[in-house]
Amino acid sequence: MLPRIASVQNPLRVAVFISGSGSGLNAMLEYQKTPRAYLISLILSDNEDALGLNYGSKYGVKATAIPLPHTQDKIHQRLSHEAMIDEELVNSNIELIVLNGYMRIITPLFINKWKGRIINIHPSLLPKFPGIYAHRDAINAKTNESGCTVHLVDDGIDTGHILAQKKVSVSPNETIKTLQEKIKKIEHQLYPEIINLLSTGQYHSKS
Ligand code: GRF
């Protein structure tokens, strides 16, 4: 089930999940200074020290850290962590989850609850180079193009239905760092645009 079709007057309430610097989050918050059919209403991190949490006070958005609870049983730890996150989402009336540099693998239980209402951006042209080493893998493969992919999240690793992609060229002397920077630039344009299209119902007849 995709999110409700929203409008500028009645925007979709979005939570952005981060774990680190939040450079993508910053781009989204800048983008929504002009009227959009979605509103970032919550910034959520699994990492209390995530620098991106500081954008909350800068842009007047609730920002909260929910770290993994301390417990011996790993399965119980993941499930209770996600239960706390889910409670926060429900309390904040969130309608769409946007993963942006969130470094945890989410359980199928959580994904099934939010299916169609949880999206991710990945720094490669999926299905090429899934996983956390996408830039390194693209360079090692000596590919001459890469890019980014916005996709619905399913319970595989970067396997969900693709909503949009954007390409960049990869030069022979590209490094992981230069490729990261190049891809981030296009991610910062593409992700907010696609979230807006999803919010206005542009994908509802297609998926
Ligand atoms: C992006 O490159 C995205 O593709 C990946 O995480 C990065 C965003 O992290 N999933 P940040 O905004 O720089 O913390």
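Starting from 1, each residue takes its place in the sequence as its number. Just so you know, ligand 1 is whichever comes first in the structure, and atom 1 is the first atom listed for that ligand.
- His122 places a side-chain N or O within 3.5 Å of a backbone atom of Phe129 that can act as its donor or acceptor partner.
- Ion pairing of Arg78 with Glu82 is absent here, as no side-chain N (NZ or NE/NH1/NH2) approaches a carboxylate O to less than 4.0 Å.
- Checked against a 3.5 angstrom limit, the closest N/O atoms of His122 and ligand 1 fall outside it.
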Exercise for the section: Start with the C-alpha distance between Val14 and Leu39, add both sets of side-chain angles, then the distance that settles side-chain contact (heavy atoms from CB on, under 4.5 Å), and finish with yes or no. Expected result: CA-CA 6 Å; Val14 169; Leu39 184 72; over 6 Å; no
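- In terms of protein heavy-atom proximity, atom 13 (O) of ligand 1 is nearest to Lys184 NZ, 2.5 Å.
- The protein non-hydrogen atom at the shortest distance from atom 7 (C) of ligand 1 is Gly101 CA, 4.1 Å.
- Neither the backbone nor the side chain of Gln180 comes within 4.0 Å of ligand 1, counting heavy atoms alone.
- Ranking protein heavy atoms by distance to atom 14 (O) of ligand 1, first place goes to Gly22 N, 3.0 Å.
- Between Ser21 and ligand 1, a contact under 3.5 Å exists for at least one N or O pair.
- Between the side chains of Thr178 and Glu181, no donor N or O sits under 3.5 Å from an acceptor N or O.
- The nearest heavy-atom contact from the protein to atom 10 (N) of ligand 1 is Ile121 O, 3.2 Å.
- A distance-only check finds a donor-acceptor pair linking the side chain of Thr200 to the backbone of Leu197 [under 3.5 Å].
- Using a 4.0 Å cut-off to heavy atoms of Gly24, the atoms of ligand 1 that qualify are 12 (O).
- Ligand 1 does not have Gly52 within reach: every non-hydrogen atom of the residue lies 4.0 Å or more from it.
- Of all atoms in ligand 1, listed by their number and element, those nearer than 4.0 Å to a heavy atom of Pro123 are 4 (O).
- A cation-pi arrangement, defined by a distance under 6.0 Å to the six-membered ring centre and an angle within 45 degrees of its axis, is present between Arg36 and Tyr31.
- In summary, Glu145 and Lys167 engage in a salt bridge, as defined by a charged side-chain N under 4.0 Å from a carboxylate O.
- Glu187 OE1, 2.8 Å is the protein heavy atom nearest to atom 2 (O) of ligand 1.
- Just one residue in the list Arg117, Arg13, Arg4 forms a salt bridge (Lys or Arg N to Asp or Glu O under 4.0 Å) with Glu95, and that residue is Arg4.
- The Asn100 neighbourhood of ligand 1 comprises atoms 8 (C), with distances under 4.0 Å to a heavy atom of that residue.
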